[in-house]
Amino acid sequence: MAGTSSYPPQIAMPPAGTQVAIISPQFCAPYPVDLNIVRKLMTLSEGSFGVTDVNGNIIFKVKGKLFSLRDRRVLLDAAGNPLVTFQQKVGFYAYSPSFISLRVRQMLTAHRRWQVYRGESTDTTNFLFSVKKSSLLQFKTKLDVFLAHNTKEDVCDFRIEGSWFERSCAIYAGNTNTIIAQMHRKHTAQSILLGKDNFGVTVYPNVDYAFVVALVVILEEINEDRSGED
């Protein structure tokens with residue numbers, strides 16, 4: 001069971017009893033949940049993220065597909081059952097030639113989006129939500145999340161704002177000031193010695209913490225594109 005936590009009372013939260021269940025209501029707890037997310041920095045293996053509760057128990061794993069580590073990932077529960085698949089929507093510039101400058105490639109691919117499907121399927125019938133940058137050029141992180149039924153995308157269903165590099169981001173409900181989850185950096189001896197980036201996420205009551213983990217993984221992928229490759 002994921003650990004409990006306290007949260008700042010001055011921050012707007014979803015109304016009591018309101019459940020935000022995107023992947024499954026089984027991941028909605030009536031209390032705030034603290035999760036630790038460990039990203040392996042120096043490995044080329046399939047495993048990329050591990051998610052634990054405050055006691056170190058594995059809650060989720062995130063794996064990439066072979067030969068497609070940057071384009072597709074699967075969120076698994078502790079038993080290894082696939083919950084959702086995130087697939088990057090690839091455009092013409094996703095594999096832009098190496099002679100095009102890094103900055104130009106970053107600008108051309110800035111509006112690529114990640115689409116999320118239930119289970120291991122990428123069939124449109126299992127489409128759940130998508131995530132993309134809210135604007136082309138950003139000094140701080142700002143992503144928009146659109147649920148499957150929101151086909152017009154006039155207003156986002158959720159948004160992510162903050163500084164990814166400081167691991168100080170919040171997830172909001174729509175364009176409100178209602179926070180459903182927050183993330184923060186954790187400095188530990190393990191993260192230094194083992195070459196891992198370890199940070200925490202606090203998920204507010206009645207919010208689907210599997211959904212929040214999926215958003216954090218996509219957030220990392222989008223910001224990895226920002227740091228880029230030569």
Side-chain angles (χ1 to χ4, degrees), residues 1-8 11-15 18-39 48-54 57-63 73-78 81-86 113-119 128-132 134 141-148 150 156-164 166-186 197-223:
M1 179 64 66
T4 61
S5 174
S6 59
Y7 44 82
I11 294 177
M13 296 176 295
T18 301
Q19 197 174 74
V20 180
I22 308 301
I23 293 178
S24 173
Q26 78 180 83
F27 300 115
C28 296
Y31 46 79
V33 172
D34 263 352
L35 298 172
N36 296 322
I37 299 181
V38 178
R39 180 166 66 98
S48 55
F49 281 84
V51 183
T52 71
D53 62 16
V54 292
N57 301 310
I58 292 289
I59 304 297
F60 303 111
K61 301 174 186 177
V62 181
K63 290 190 175 182
R73 295 196 183 278
V74 180
L75 178 66
L76 311 169
D77 65 15
N81 301 308
L83 299 175
V84 292
T85 295
F86 349 112
R113 67 172 66 205
W114 283 81
Q115 295 179 317
V116 180
Y117 303 83
R118 190 175 303 282
L128 291 176
F129 62 91
S130 64
V131 183
K132 72 178 185 67
S134 60
T141 298
K142 188 173 182 182
L143 307 179
D144 292 333
V145 182
F146 301 98
L147 298 180
N150 185 359
C156 64
D157 296 288
F158 301 92
R159 75 183 196 280
I160 305 170
E161 291 187 8
S163 172
W164 166 256
E166 296 175 4
R167 299 302 189 269
S168 178
C169 291
I171 302 173
Y172 297 83
N175 284 325
T176 71
N177 65 346
T178 299
I179 292 178
I180 65 168
Q182 291 182 294
M183 59 184 292
H184 52 88
R185 184 184 292 279
K186 300 185 74 174
D197 194 7
N198 192 5
F199 55 96
V201 176
T202 298
V203 184
Y204 284 25
N206 299 309
V207 173
D208 185 336
Y209 52 88
F211 170 61
V212 170
V213 169
L215 292 182
V216 171
V217 174
I218 293 171
L219 173 63
E220 191 271 347
E221 288 294 332
I222 289 175
N223 280 280

Task: Test log, rule side-chain contact (heavy atoms from CB on, under 4.5 Å), inputs N175 and C156 - done: CA-CA 7 Å; N175 284 325; C156 64; 3.6 Å; yes

Task: Set of residues satisfying side-chain hydrogen bond (donor to acceptor under 3.5 Å, both in side chains) with respect to Y172, sequence neighbours excluded - done: none

TODO: Side-chain contact test, heavy atoms from C-beta onward, threshold under 4.5 Å: evaluate it for I171 versus V212 and give yes or no.
DONE: yes

TODO: For the pair I179 and N177, evaluate side-chain contact (heavy atoms from CB on, under 4.5 Å) and give the outcome as yes or no after the intermediate values.
DONE: CA-CA 6 Å; I179 292 178; N177 65 346; over 6 Å; no

- [ ] Not counting sequence neighbours, which residues clear side chain to side chain contact (heavy atoms under 4.5 Å, CB included) with A173? List them please.
- [x] T176, T178, I180

Open item on the list: Applying side chain to side chain contact (heavy atoms under 4.5 Å, CB included), can you list everything that pairs with T52, at least two apart in sequence or on another chain?
Closed with: N36, I58

- [ ] Answer yes or no: is there a side-chain heavy-atom contact under 4.5 Å between C169 and L219?
- [x] yes

Task: Donor-acceptor under 3.5 Å (N206 side chain, C28 main chain) - done: no

Task: Donor-acceptor under 3.5 Å (D157 side chain, L147 main chain) - done: yes

- [ ] Measure from the side-chain N and O atoms of R73 to the backbone N and O of F86, and report whether any donor-acceptor pair falls under 3.5 Å.
- [x] no

Open item on the list: Can a donor-acceptor pair be found, under 3.5 Å and without considering hydrogens, that links the side chain of R118 to the backbone of I23?
Closed with: yes

- [ ] Only one of F146, W114, Y117, F211 passes side-chain contact (heavy atoms from CB on, under 4.5 Å) with F129; say which it is.
- [x] F211

Open item on the list: Name the residue from V216, D144, I218, L215 that meets the side-chain contact (heavy atoms from CB on, under 4.5 Å) definition with I160.
Closed with: L215

